[in-house]
Structure formats: C-alpha cells, structure tokens
There are 2 protein chains.
Amino acid sequence: MIRISTKGKYGTRLMVQLAMNYGKGPMLLKDIAKKENLSVRYLEHLIPPLKSARLIHSLRGAHGGYTLAKAPAEITLKDIIRALEGPLSPSECVESPEVCDRSGFCITRDIWAELEKTISATLAMYTLADLVQKYLSNTYHGEARSQ
Amino acid sequence: MIRISTKGKYGTRLMVQLAMNYGKGPMLLKDIAKKENLSVRYLEHLIPPLKSARLIHSLRGAHGGYTLAKAPAEITLKDIIRALEGPLSPSECVESPEVCDRSGFCITRDIWAELEKTISATLAMYTLADLVQKYLSNTYHGEARSQ
DNA sequence: CGTTATTCCTACTAAACAAGTAGGAATATA
DNA sequence: TATATTCCTACTTGTTTAGTAGGAATAACG
C-alpha cells in the first residue's frame, strides 16, 4: 500500500479551511475541527510541521488562532504534503543514495526517481486557491456545509 | 511517508531477473536471491501475489523454478507494483467511495484520484523489456554483476 | 523406490508506524 | 485575575513491515 496518511489528508482539509478564511483574521482550530468533523486534539499535531514549513502563522492566547503565511495562490499541495508526510519519493534511496550500495547502478532506483518527479509535478499543479475555487463551485456545497 | 515497501522493490528486482532469463527455462529462487543479494525466505512471500496476478509461472520439484508468464515487453511496472502493493491510489476513498461519506463532494478526493492517474500512467510506461535494456546498457553492469 | 531438489503453505516475531487521546504549561486578551 | 487559546510532551492501541522458521507437497533422477 502506497498511501497518504491522515496527516496529509486532514492537513490538506485544514489548509483549505484556512484558505477560505484568508484575509479574515485568525481562525480557531476548534472551528476548523467542527467544520471538517475532525478531532481538535489530532489536528494539533499537524500544526508544528506546517509552521516549520512556514505555511501558517499562529497567534496564541484569547482571540488567537491560525492564518496562512502566504496567499492561497502561493501554497501548493506539494508544499502541504511535503510538510506533513515528508519526502515524496517512493524510496529512501532516491533522496539518500548512501542508504543502499546499489544506488550507483540500480535501474529500479531510476524508476522511483522518475515516479517522484511525476508525483511532485502533479501535486505542485494545485494551489490552495484552486481548491477553494473548486470548493465554491461545487454544486453540493450548500448542502454539504450544512452540518 | 508515501513509500513503496520492500515487497514492491524486491519484487521488481525479482521480475527483472526473470525477464533477463526469459526463454532460457525456469529460474531458481535461490539464484535470484543470490544475484540480488536478498533472502530466499523473504522472496518466497512475493511469489503468491505475482502468481495470482498471472505474471509468473512456477514448476515444482527438482529442476523446477519460475518463469515469466508473458514476454517482458508485455509486463509493465504497474502490473508488478499493483500485484505486490495493492491499489495505487493514495487514499482508499478513491477506489471505495463508500468508506467516507464525504466522497460525493470532497475536493481533496478529486486530487487523490488525479494523483493515482499520474502514478499509474508513469508505472505503466515501463515494461520489463525496458528495464532489461537499461540494465544491459548500464556501464556499471560488468562490475556490478561480479558478485 | 528412495533420495534430493525445489516450490508451497502456515505460523510466528520484533520493530516501526499510524491514529489517535490526555494532561497540563505558556501566552495573550479583557 | 479569569478565560481562551496555542503549545509541548507523553501515552496507548492497533496495524503494518520485514522478516525467520518448520515442514508439507511435488517432481526428477538414479
């Protein structure tokens, strides 16, 4: 199984919520969790990596919350997944050739390297602005947001 | 981490070895293991999924071994990884919408579906014949095969 | 017919990772 | 000082990964 974990999946949804709130001041994790029907306690874990990747800013204390660190159009899905899931390559040998003494001549490694490129390229194609636009033009939107 | 496991990685190397032996009769797992410096005991586990995907044939008993079930040019990396790693989609909701009640309107799910397409397409581009050709034209080849 | 070489099947294990929950400290506002 | 919020660390439970191990089934060969 070659799967994105809930970190990447929930984190993307969190970031889409922040994008939709962009320019309207800090957003509470509590509210994001409610809108996305996720646990605040779990979302908390996604914050440190997103902060160290400089994708979000935080404000502590009452009237605190989170904001995007850049405009939604400046943040790609690649940035988000990379921050939350780590390297996008399907094998460690791609980014760290020294972990395998075959790296110098391994043909399968070449494939994993190419696969990383197409994964990265696909994820880099989408910005948060694109996702927000998709979200808003979704016909199910009104209904889906009801809860 | 979105990683291919050793099943997919070792299994691909196993299949490349079978491809290089194509037309020369059955090959022993013992010999594949030696050439690729892998454990026979572990490679054994990769056989059942490869067989049920009809990618290899086996012959039991003395003078037994394994052969590709089709020509190397007819087997893609997608076939192999799919057989050994399961679905290529980054999220279960892509192939089984019913696992999440958001599937009907979820915009991130659309992204995971698109990502699956590019992963599948990239892996489908390469056949075992391509890998063998790469292998044989590798300058390190003579040296690397020495052990 | 018996020996040997091989695949095949099932079970077991140890370590790492995933997906959370929980307690409480630090900080800012009012 | 009370309250709302982020922040930090630890813990838990279940699943997956990466193997190892024992031995049964099968086929060839002398």
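All values below were derived from every heavy atom in this structure, side-chain atoms included, with hydrogens, water molecules and symmetry-related copies excluded. All chains are named by letter (A, B, ...) in the order of the sequence lines, taking the proteins before the strands, and each is independently numbered beginning at 1.
Under a 3.5 Å cut-off, the side chain of B:E85 and the backbone N or O of A:M1 do form a donor-acceptor pair. In this structure, B:R13 contributes its side chain and B:E36 its backbone to a donor-acceptor pair below 3.5 Å. Listed for the B:D79 side chain is no donor-acceptor partner under 3.5 Å among the backbone atoms of B:A83.
A:T122 and B:E114 are not linked by any side-chain donor-acceptor pair at a separation below 3.5 angstrom, with hydrogens and angles left out of the test. Between the side chains of B:S91 and A:K9, at least one donor-acceptor pair of N or O atoms lies under 3.5 Å. Side chain to side chain, B:S5 and B:Y10 fail the donor-acceptor criterion of an N or O pair below 3.5 Å.
The neighbour count for B:K134 NZ, taken as heavy atoms of other residues, nucleotides or ligands under 6.0 Å away, is above 12. In the displayed structure, A:Q133 atom CD is contacted under 6.0 Å by at most 12 heavy atoms of other residues, nucleotides or ligands.
Residue B:S5 places at least one side-chain N or O under 4.0 Å from the OP1 or OP2 atom of D:dA18. Distances shown here put a side-chain N or O of A:K30 below 4.0 Å from the OP1 or OP2 atom of D:dT5.
Rounded to a whole Å, the CD atom of A:E92 is 14 Å from the C1' atom of C:dC17. Atom CG in B:L14 sits about 16 Å away from atom P in D:dA18, given to the nearest Å. Here the P atom of nucleotide C:dA19 and the CZ atom of A:R13 are 13 Å apart, to the nearest Å. Here the P atom of nucleotide C:dA18 and the CE atom of B:M1 are 8 Å apart, to the nearest Å. Separating the CD atom of A:E85 from the C1' atom of C:dA18 is a distance of 10 Å, rounded to the nearest angstrom. The nearest whole Å value for the distance from the CG atom in A:L29 to the C1' atom in D:dC8 is 15 Å. Atom CZ in A:R3 sits roughly 16 Å away from atom P in D:dT15 (whole-Å rounding). C:dC17 atom C1' lies 16 Å from atom CG of A:L84, rounded to whole Å.
Minimum heavy-atom separation, A:C93 to A:S103: CB-OG, 4.0 Å. Heavy atoms only, all atoms of each residue included: B:A113 and B:V94 are closest at N-CG2, 3.8 Å.
Near DNA chain C, meaning a heavy atom under 4.0 Å away, the residues from residues 40-60 of chain A are A:R41, A:Y42, A:H45, A:R60. For the contact set between residues 62-69 of chain A and DNA chain C, defined by any heavy atom under 4.0 Å, the members are A:A62, A:H63.
Salt-bridge annotation for B:E95 and A:R3: present, with a side-chain N of the basic residue lying under 4.0 Å from a carboxylate O of the acidic one.
In DNA chain C, the stems built from three or more successive Watson-Crick or G-U pairs (distances below 3.5 Å) are C:1-30 with D:1-30.
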